[in-house]
Amino acid sequence: MTDPFSAGECVAIAFDADVGAAVVGEHGGVAAWPAPMAIEALERLERQVGPRWVWWGPDTARRLVAAQVRPARCWDLDAVHRLLQGGWPSGPARAWAAARGLDADATPTVAPVDLFSAATDDDADADAVRPDGHLDPRWIDGRWRDDLDTLTRWATLALEVQRAQRAGLDDLDDRPAAPATARSESAAAVLCAELEHDGLPIDVAEAERIIASFVGPRPRDAAEEQRLTDERDHRVLRHLGRAGTDVDLRNPANVKSLLRRAGIEVPDTRAWRLEQLRDRHPVVDALLEWRTAERIGTAFGYRWLDEHVRNGRLRGSWSPSDGAAGRMTATAGLHNLTADLRPAIAAEPGHVFVRADLGQIEPRILAAVSGDPALAAATEDDDMYSPVAARLGVARDVAKVAVLGAMYGQTTGHGAAALAGLRTNYPIAMGYLDGAARRAEGGNDLRTRGGRLVRMSSAGDPGDDDGPSGVERSRAAARGRYGRNAMVQGAAAEFFKTWAVIVRARCAGSAARIVMCLHDELLVHCHVADADEVLRRVTDGVQEAAHRWLEPTAPHVRFVADASVIHRWSDAK
DNA sequence: TCGGTCACGTA
DNA sequence: CGTACGTGACCGAG
């Protein structure tokens, strides 16, 4: 059989491990295989043709990864939909509606599976596209995609959505990087499926030791668990004698009155505030210690271990982009694992982690997206804050706070004083940020450098137009900060994902696997013998990402990474 | 059973 | 009166 596909062409795929696979090429080629032959056929296609796989979303990516197919190039309709349309909502119904110019909020919902709807399933030959133009929800949930013909239809529709998305990206005249961003966002979506599948190596015994050091050994039953909890509470409450018996430490209002009885008045009971009151009364110290133990016990305790760790791997679900600026998200505490537990994140025997993080990524991104030549020049320094400080005539740390404050919209503190210096010395970068903030304040949507829509219509809720009240002003200010930050954070997320998928591609031939992405940090798990090579690929990958990502006409911006070979995550600097 | 709020960890 | 996220707990409304 001669392949009906040509190298590198877009090939839509609908895949179900039980039914089989159908593929439809953009030049008209069609093929389908029943389940027993599907995986081998897909692997052959990947090897011999190397297409850009087009699929509807994470389900397909997960199924392919589970079948050990690790596609090199793809187009994830879900990820590109989020890029083009902004926000969290996605899925086939919305992607289709957007492609057809239909109202995304008018998409039909799935009829519940019961006796009544089963009776109406007589029209099982109904097409996926309803008379009103929307996708039939029964096709979306997969109920009717049960043979090779329906899979072929599903793939054909995916190809149609992709054509519309490509046109939409090309139409973003002032965002030439948008099509490339769509491709790297798609690759990041596969990476997410792999992160879910592979998991993060964790030393369970070490994790249990750490947890025990905070909350004691694993309780044998509910009664023992209750006893441990009561003892922990008592170590705080005993400082107040009989007065403390009716206090629930998990209730902030109760904690506030507890503190009042100790002669301490606070507007809230946040840790940073209590930190300064440690010497006022011994109960403060006990309370702060209780808080850390309570947090480990609830969020990262034995239950967390049992729920999310299997065969020495910590697994959560991953999303390639959040609904705001487009950073990756992860569940199971992967993105907010406390430093206390990092010693438990350990490479397996014979393996190491190659850990790397992008240095000062946000100010470097600002220099790039704004095209400010003075700020771009500062990026040539390993520490770009020192040339900025020299130019402003302030201390290095003051310059740092000022730059970060400008990106975050901070208006108070030490940075505010240096802000004027930033405006005169880096007018283009500051003008870029102020412009974004101004448009956001007015409720106008923004687009990142890579073309991601940052929706302002929903953010800060312009809501009832009750004139220039204080409430409305502060909401506008909140939108301004949000928009200002999203332009930098969003472009940084795009850069990071470009880097990550380059590393993924460069490691594809080996056993090395990316096992953690943390906004500006990568963890690659690999054989000890491969560590040096992986380290090189990770650091070279930054330069390749910069080369791919920077506009040819813009001032040169230098990106840097700090990389090292470690055994435990806690070994990092 | 839900959304809102607090609190707290990560970047 | 710097942004984002996920998690867990409590509260009050339904």
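Order of the sequence lines sets the chain letters (A, B, ...), proteins ahead of strands, with each chain counted from 1.
- In the set C:dG2, C:dG8, B:dA11, the nucleotide with an atom closest to the side chain of A:R481 is C:dG2.
- As judged by a 4.0 angstrom heavy-atom cut-off over every strand, A:A253 is placed among residues making no nucleic acid contact.
- Candidate nucleotides C:dC5, B:dC8, C:dT3 were compared by shortest atom distance to the side chain of A:A324, and C:dC5 ranks first.
- The side chain of A:T331 lies closest to C:dT7, out of C:dT7, B:dC8, B:dT10.
- When the nucleotides C:dA4, B:dA7, C:dG8 are ranked by their closest atom to the side chain of A:D268, B:dA7 comes out on top.
- An OP1 or OP2 oxygen of C:dC11 is reached within less than 4.0 angstrom by a side-chain nitrogen or oxygen of A:N251.
- For A:Y482, taking side-chain heavy atoms from C-beta onward, the closest of the listed nucleotides B:dG9, C:dA9, C:dT3 is C:dT3.
- Residue A:M407 contributes atom CE, which lies 14 Å from atom C1' of C:dA4 at whole-angstrom precision.
- Atom CZ in A:R291 sits roughly 15 Å away from atom C1' in C:dT7 (whole-Å rounding).
- Of the candidates C:dG6, C:dC11, C:dT3, C:dG6 carries the atom nearest the A:W88 side chain, counting heavy atoms from C-beta on.
- Legend: salt bridge (charged side-chain N to carboxylate O under 4.0 Å, His left out) pairs involving residues 418-435 of chain A, not counting sequence neighbours, sorted by first then second residue: A:R423-A:D434, A:D434-A:R484.
- To the nearest angstrom, C1' of C:dT3 lies 16 Å from CG of A:N336.
- For A:R303, whose side chain is taken as the heavy atoms from C-beta onward, the closest listed nucleotide among C:dG8, C:dA4, C:dC10 is C:dG8.
- For A:T329, the side-chain atoms get nearest to C:dC5 when compared with the rest of C:dC5, B:dG9, C:dG8.
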Show your reasoning for whether ring pair (Phe, Tyr, Trp, His ring centres under 6.0 Å) applies to A:H197 and A:W318. CA-CA 10 Å; A:H197 180 270; A:W318 287 76; over 10 Å; no
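- Taking 3.5 Å as the limit, the base of C:dG2 and the side chain of A:N485 contain no donor-acceptor pair of atoms between them.
- Note: CD (A:E289) to C1' (B:dC8) measures 17 Å, nearest angstrom.
- Going from the C1' atom of B:dG4 to that of C:dG2 covers 23 Å, rounded to whole Å.
- Counting any heavy atom pair closer than 4.0 Å across all strands shown, A:A271 reaches sugar-phosphate atoms only and no base atom.
- Look at CD on A:E362: it is 16 Å from P on C:dG2, rounded to the nearest Å.
- The side chain of A:T269 places no N or O atom within less than 4.0 Å of a non-bridging phosphate oxygen (OP1 or OP2) of B:dC6.
- Separation of atoms CG (A:D233) and CD (A:E294) is listed at 7.0 Å; rounding is to 0.5 Å.
- Contact between the side-chain N/O atoms of A:R295 and the OP1/OP2 oxygens of B:dG9 is not found at any separation under 4.0 Å.
- Without hydrogens or angle criteria, A:T379 side chain to A:R558 main chain gives a donor-acceptor distance under 3.5 Å.
- Comparing C:dA4, B:dA11, B:dG9 by their nearest atom to the side chain of A:L518 picks out B:dA11.
- Distances were taken from every side-chain heavy atom of A:A339 (C-beta onward) to each of C:dA9, B:dT10, C:dC5; the shortest belongs to B:dT10.
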Let me see the working for A:H308 and A:R315 under side-chain contact (heavy atoms from CB on, under 4.5 Å), right down to the final yes or no. CA-CA 6 Å; A:H308 303 293; A:R315 288 184 181 81; over 6 Å; no
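- Atom pair A:F496:CZ and B:dT10:C1' shows a separation of 13 Å (rounding to whole Å applied).
- For A:W318 and B:dA11, the CH2 to P distance is 13 Å, given to the nearest whole Å.
- A:R479 has its CZ atom 14 Å from the P atom of C:dT3, to the nearest Å.
- When ring centroids are compared, A:F214 and A:F300 stay outside the 6.0 Å threshold.
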